[in-house]
There are 2 protein chains.
Amino acid sequence: MLLYQEIRQYLFALIAEHPELKKLPSERELLEKFQSTRITVREALTRLEAEGVIYRQNRKGWFICPPRLKWDPVKKVNFYQLAQEQYFIPLTKLVSFETLATNKELEQAFSLKTSGELHKIYRVRSLDERPIMVEEIYCLASQFDGLKDKALDGSITTIFEHDYRVNITHESSRLIVTVIPDDKAELLNVNSGALCLKIIRKRFNQHDELVDYNIEYWVHSAIEIEVDSK
Amino acid sequence: MLLYQEIRQYLFALIAEHPELKKLPSERELLEKFQSTRITVREALTRLEAEGVIYRQNRKGWFICPPRLKWDPVKKVNFYQLAQEQYFIPLTKLVSFETLATNKELEQAFSLKTSGELHKIYRVRSLDERPIMVEEIYCLASQFDGLKDKALDGSITTIFEHDYRVNITHESSRLIVTVIPDDKAELLNVNSGALCLKIIRKRFNQHDELVDYNIEYWVHSAIEIEVDSK
DNA sequence: CAGTGGTCTAGACCACGAT
DNA sequence: TCGTGGTCTAGACCACTGG
């Protein structure tokens with residue numbers, strides 16, 4: 001068998017047999033154990049990382065992935081509730097709030113004929129202190145006056161409903177597998193080049209008008225999507 | 001800027017400016033151009049691969065990804081129709097057909113009280129001659145007697161409906177990002193360790209009985225998921 | 001056959017983390 | 001300060017592809 005596959009197998013078994021383990025041995029310990037080099041050891045590690053078995057924190061080491069959050073993008077379930085049902089401790093942190101002019105992409109999404117102003121909510125969500133998702137939420141400034149002063153680390157849907165009488169009735173999502181942009185990688189405390197599931201969601205009201213436009217980046221090993229169709 | 005980032009940028013621009021390009025320069029050409037080594041060149045290439053911009057074929061070289069197939073796992077659309085609407089030439093190839101005894105996982109899925117026999121359809125799907133998905137479909141041998149002799153490179157749903165009067169009414173899917181198992185990588189003509197979107201689908205009839213159990217592995221750069229909710 | 005990527009060695013220096 | 005991973009050099013041999 002290839003050497004990097006042997007190392008991979010060894011680590012895979014190590015993880016399976018030691019459920020309490022949080023962190024892997026260092027790369028140098030491993031290369032010594034297998035009389036090999038860092039290139040080969042890292043081949044094994046990056047493979048396990050792509051599989052979603054381990055993840056790294058910049059210059060801190062390689063860690064074992066906790067269970068994935070199961071999430072249904074179609075059901076309208078609140079993040080906190082979902083996380084708690086699955087025994088995670090959820091946390092949302094507001095990174096920034098801005099009000100800015102639209103760009104082409106967003107004007108088109110909101111069917112704006114002229115340029116306008118949008119609120120941008122930028123936040124990070126964690127499970128058990130591990131950041132696992134960043135999101136950018138855009139909505140019309142004219143429609144959500146005073147949004148800045150609401151509790152933006154909670155459910156935006158609830159704010160829309162309770163404070164603005166705007167209800168989301170349907171939505172569409174696009175999912176692709178790609179790499180986290182570097183500025184988001186920093187916020188998520190993952191390496192440049194880390195894999196992610198990028199989700200672009202458009203949420204509409206009963207008149208088929210776009211209410212908000214969200215771009216989410218989920219750490220790929222932290223999530224499992226579940227979709228039901230009736 | 002980091003050298004591998006420079007190489008990445010160069011290739012990214014090269015691809016953007018030459019839409020007709022199918023194949024990248026070889027690793028050795030690149031290392032010469034950048035006065036670097038293969039390790040560094042490959043860092044740039046694997047990054048672009050993870051981003052879904054390029055893909056490799058074992059020992060043949062690095063190729064530029066065509067547009068992704070947009071697919072809605074919730075809508076019951078036939079693969080051929082979907083592909084053609086998006087100007088791809090679809091193809092399905094039967095790899096094998098077997099009838100085998102159930103295992104624990106499958107017995108549970110089919111709510112079997114005793115062990116039984118299952119048909120297993122194993123096939124590969126391509127777009128424009130590029131294999132992009134392998135799937136294993138399991139269904140009850142007792143329910144689909146003679147399935148072996150049907151046109152198994154077409155729509156299984158249609159065979160169920162027309163030949164067996166079994167209608168799929170709803171389904172549930174689980175999606176995770178992971179690595180393609182080595183035996184499937186070979187069929188897909190991709191490298192060991194290639195990324196994929198793994199989809200496990202259960203399809204049910206009107207009585208809530210499992211009709212088939214599918215495991216699909218999609219080449220991650222070949223697909224984009226679109227889901228609508230009402 | 002020459003050219004490609006796949007795997008591997010044996011080092012190096014650096015920035016950043018934990019202490 | 002020392003240990004960690006991040007980046008990089010300068011090679012090597014191999015298996016397989018394509019002409």
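Excluded from the calculations below are hydrogen atoms, water molecules and symmetry mates; all remaining heavy atoms, backbone and side chain alike, are included. So that the names make sense, note that chain A is the first sequence line, chain B the second, and so on, each numbered from 1.
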Self-check item: Residues that Asn103(A) engages under side-chain contact (heavy atoms from CB on, under 4.5 Å), provided they are two or more places apart
Solution: Glu105(A), Leu106(A)
Quiz prompt | By side chain to side chain donor-acceptor pair (under 3.5 Å) - contacts of Arg125(B) (at least two apart) | solution = Thr92(B)
Donor-acceptor pairs under 3.5 angstrom involving side-chain atoms of residues 177-186 of chain B: please list them, not counting sequence neighbours.
residue: Thr178(B); atom: OG1; partner: Glu51(A); partner atom: O; Å: 3.2
residue: Asp182(B); atom: OD1; partner: Ser192(B); partner atom: OG; Å: 3.0
residue: Lys184(B); atom: NZ; partner: Glu136(B); partner atom: OE2; Å: 3.0

Practice problem: Answer yes or no: does a side-chain N or O of Ser26(A) lie under 4.0 Å from OP1 or OP2 of dT4(D)? | Solution: yes
Quiz item: How many Å lie between CG on Leu31(A) and C1' on dT4(D), as a whole number?
Solution: 13 Å
Self-check item: salt bridge (charged side-chain N to carboxylate O under 4.0 Å, His left out) partner of Glu135(A), the single match among Lys120(A), Arg123(A), Lys93(A)
Solution: Arg123(A)
Self-check item: Residues which pass ring-ring contact (aromatic ring centres under 6.0 Å, His included) with Tyr55(B), listed by chain and number, not counting sequence neighbours
Solution: Phe63(B)
Practice problem: Can you tell me which stems DNA chain D forms, taking runs of 3 or more consecutive Watson-Crick or G-U pairs with both distances under 3.5 Å? | Solution: C:1-18 with D:1-18
List, with names and distances, any nitrogen or oxygen atoms from the protein found under 3.5 Å away from nitrogen or oxygen atoms belonging to nucleotides 14-19 of chain C.
residue: dA15(C); atom: N3; partner: Arg59(A); partner atom: NH1; Å: 3.1

Practice problem: Please name all residues satisfying ring-ring contact (aromatic ring centres under 6.0 Å, His included) with Trp62(A), sequence neighbours left out, ordered by chain then number. | Solution: none
Quiz item: In chain order, what residues pass the ring-ring contact (aromatic ring centres under 6.0 Å, His included) check against Phe97(A), with sequence neighbours excluded?
Solution: His119(A)
Quiz item: Over how many whole Å does the gap from Glu29(A) atom CD to dG5(D) atom P extend?
Solution: 9 Å
Quiz item: Is the closest basic N to carboxylate O distance between Lys198(A) and Glu216(A) below 4.0 Å?
Solution: no
Quiz item: Salt bridge between Lys70(A) and Glu226(A), side-chain N to carboxylate O under 4.0 Å?
Solution: no
Quiz item: With sequence neighbours left out, what residues match Ser172(B) under side-chain contact (heavy atoms from CB on, under 4.5 Å)?
Solution: Asp228(A), Lys202(B), Phe204(B)
Quiz item: Taking DNA chain C as the partner, which of residues 8-19 of chain A come within under 4.0 angstrom of it by heavy atom?
Solution: none
Quiz item: Is it the case that Glu85(A) and Gln81(A) place a side-chain donor and acceptor less than 3.5 Å from each other?
Solution: yes
Quiz prompt | Contacts of Phe34(A) that satisfy ring-ring contact (aromatic ring centres under 6.0 Å, His included) - sequence neighbours left out | solution = Tyr10(A)
Quiz item: Just how far, in rounded Å, is C1' of dG11(D) from CD of Glu32(B)?
Solution: 15 Å
Quiz item: What integer distance in Å separates Trp62(A):CH2 from dG3(D):C1'?
Solution: 17 Å
Each nucleotide N or O in nucleotides 7-10 of chain D that has a protein N or O under 3.5 Å away: list the pair and distance.
residue: dT7(D); atom: OP1; partner: Tyr4(B); partner atom: OH; Å: 3.0
residue: dT7(D); atom: O4; partner: Arg38(A); partner atom: NH1; Å: 3.3
residue: dC8(D); atom: OP1; partner: Leu3(B); partner atom: N; Å: 2.6
residue: dC8(D); atom: OP2; partner: Tyr4(B); partner atom: N; Å: 3.3
residue: dT9(D); atom: OP2; partner: Ser36(B); partner atom: OG; Å: 2.6
residue: dT9(D); atom: OP2; partner: Thr37(B); partner atom: N; Å: 3.4
residue: dT9(D); atom: OP2; partner: Thr37(B); partner atom: OG1; Å: 3.4
residue: dT9(D); atom: OP2; partner: Thr40(B); partner atom: OG1; Å: 3.2

Self-check item: Aromatic contact, Phe110(B) with Tyr138(B) (centres under 6.0 Å)
Solution: no
